[in-house]
Amino acid sequence: MSVNVQLAALFSEIALLLELQESNPFRIRAWQRVAQVLESFEEDIAHRAEEGTLLDIPGVGKDLSATIQEFLETGTITELFDLRASVPPVLVQMTAIPGLGPKKALKLYQELGLESLDELAAACTGGAVAALTGFGEKSQQNILKGIDFVRRISGIWSLGQVLPAADVMLKSLGGLKEVEKISIAGSLRRMKETVGDVDIVVGSRAPEPVMDAFTSHQLVGEVLAHGTTKSSIRTHDDLQMDLRVVPPGVFGAALMHFTGSKEHNIRLREMATRKDIRINEYGIFDVSDLTAGEKKGDPEAGRRLGAATEEACFKALDLPWIPPELREDTGEIRAALDGTLPELIELEDIRGEIHAHTDASDGHLTLEELIGAVRERGLSYIAITDHSRSLTIAGGLDLDRMKWQIDRVREADARHPDIRVFTGSEVDILKDGTLDYPDDLLAELDIVIASIHSRFGMSGEEQTKRICEAMENPYVGVIGHLTGRMLGERDAYDLDVEQVIETAVGTRTALEINAHPKRLDLNDRHARMAHKAGAGIVICTDTHRSGHLDFMRFGVKVARRAWLGPADILNTLEADALLDELHRKRE
DNA sequence: GCCGTTTTCGGCCCGACTGTTTTCAGTCG
């Protein structure tokens, strides 16, 4: 885990502990804000500290910069140490229960003297919670359910897990005659690599039938809230979905609001407030002529400057439309103001796939089936990159089979004049950084992707050296799935990503954005870092089965979140130009 | 705790739903 991410987690913990101490809410927000900034901060925070430019980071002042320094120098934060000692751990556990925040957790702790979630569950069963003022029978039941939920679920979902359910719900609701407009919102629309829930926004003049259809849908396991404009459900698989229904005339404002991110919205509103403009889910309002009382009562008070579409809302703020993938408060508002928003890559820009497995190793498609699938999707080239000999578990090809493979791929290429079929391999990087095939074999291949599939436990220093060593090989065009992480299953192995990127630039080796929804590796932050440093980037699906080529859209989304355009991705090039790029290091 | 093309002090985004209350606090997104 990078220092930035470590610090972000610690700052979030400090914010929560301060909240449980009933500190000044704005002080709490200061810690939260910097935690969020650090999470997506591209540069290594240690470098900024060395440069002495910590104070230039938005939200970092005298105290927080001193805390960052302290952590970098000592590995600990005194304030956090003290907070942990003074806040009972059960309070932190309680705030993970849906519906329980700091205030209620504190009340339960103080009134009932609880020390664990088990004791809280017992207090609920015994009726002690319902007897407290501010709580009742319903709260008591909800807390019991919540404890069960906390113990069962991580609340982190990968895109591949949520999209099918989201599509089903979107289709069902979209088919209702009352629904005029509908869209996914929230982190799923921003295409974060993992999401906590599914947000849907509907434009309709008749909200009740839409709400009823939503809360009684066959996917629903439990209804969490059911209002006239807002409802929440949990599916049988424990995935939460929130639906918001607004009049079609304010759909754009609602979509913008519920797409977030929260930090992006806050930044926009802070900016708008200075100009006496109010932003909410009903529109962008000029409130300069209103009294304080008028502003308070009616969320739609004032002169509406925009609401129907997102474009109109951004225009009302003198901004161009900002793509959802950029709305993370990482400089997109500044760029929009300056007119320097990047042109982002689209799925249609991708010309070919260069990482795919056939049934010669562990893929499920024959060579011909794979070529057919490539043709169906309008791509113009494919590289056949089956596994190398050491990866016996995945049917890696030994030297003889590899030679057979090269011949049959060349034959296939000749058979299909409309699709360029490249020879290739996903060759294993061995423990010492050498490759699983000799150089004279690699030299025959059009495309060599080098990846790590073994010894994930090596130290960060060793692992970094191993990968950098592999990049020094002149035939290695691409490093596959750089960090090896599997979302929800396996953490990234220890690695100095900055060092690897530097070597990639120096050796002219491209880095892969692996588009499999469980991998998404490089992630958006690393991809942005790599591009800024000048590394070449390809987006690959690592196809093993029918349908996997469609993962490309996930990889494209990662690239978009990394601010990358078509010119920044190598497999937007035509076949020959791509090969030239990947072979430059062979010269 | 941070911050300033209205401020170095006084602000700091906005609204819906729930459950418990007789008008609202807490939680959530």
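In the text below, chain A, chain B and the rest are named by the order of the sequence lines, each starting its count at 1. Keep in mind it's a predicted model, so treat the numbers as computed, not measured.
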Give me the distance, rounded to whole Å, that separates [N] from [M] when you measure between the [atom1] atoms they each carry.
N	M	atom1	result
B/dC9	B/dC14	C1'	25 Å
B/dA25	B/dT20	C1'	9 Å
B/dT23	B/dC28	P	25 Å
B/dT7	B/dC12	C1'	13 Å
B/dT21	B/dG26	C1'	13 Å

Run A/Asp44 and A/Asn4 through side chain to side chain contact (heavy atoms under 4.5 Å, CB included) and show every step you take.
CA-CA 7 Å; A/Asp44 191 337; A/Asn4 293 15; 3.9 Å; yes

Filtered N/O pairs between nucleotides 26-29 of chain B and protein, under 3.5 Å:
from: B/dT27; atom 1: OP1; to: A/Gly101; atom 2: N; distance (Å): 2.7
from: B/dT27; atom 1: OP1; to: A/Gly101; atom 2: O; distance (Å): 2.9
from: B/dT27; atom 1: OP1; to: A/Lys103; atom 2: N; distance (Å): 3.4
from: B/dT27; atom 1: OP1; to: A/Lys104; atom 2: N; distance (Å): 2.8
from: B/dT27; atom 1: OP2; to: A/Lys103; atom 2: N; distance (Å): 3.3
from: B/dT27; atom 1: O5'; to: A/Gly101; atom 2: N; distance (Å): 3.4
from: B/dC28; atom 1: OP1; to: A/Gly99; atom 2: N; distance (Å): 2.7

Can B/dT7 be described as syn, meaning its chi torsion is within 90° of 0, or is it anti?
syn

Among A/Phe71, A/Phe41, A/Trp31, find the one that has a ring pair (Phe, Tyr, Trp, His ring centres under 6.0 Å) with A/Phe11.
A/Trp31

Quick note, A/Arg278 side chain, CB onward, closest among B/dT21, B/dC14, B/dG1 is B/dC14

Closest to side chain of A/Asn280, choosing from B/dG15, B/dG19, B/dT21
B/dG15

In terms of the nearest nucleotide of DNA chain B, which residue is placed more toward the 5' end: A/Arg274 or A/Thr229?
A/Arg274

Name the residue closer to the 5' end of DNA chain B, choosing between A/Leu132 and A/Gly227 according to the nucleotide with the nearest heavy atom.
A/Gly227

Report yes if a side-chain nitrogen or oxygen of A/Asn24 is closer than 4.0 Å to either non-bridging phosphate oxygen (OP1 or OP2) of B/dG1; otherwise report no.
no

Would you say B/dT20 has OP1 or OP2 under 4.0 Å from some side-chain N or O of A/Ser139?
yes

In residues 63-89 of chain A, what residues come within less than 4.0 Å of DNA chain B, judged by heavy atoms?
A/Asp63, A/Leu64

The Watson-Crick or G-U wobble partner of B/dC17, with both key distances under 3.5 Å, is B/dG26

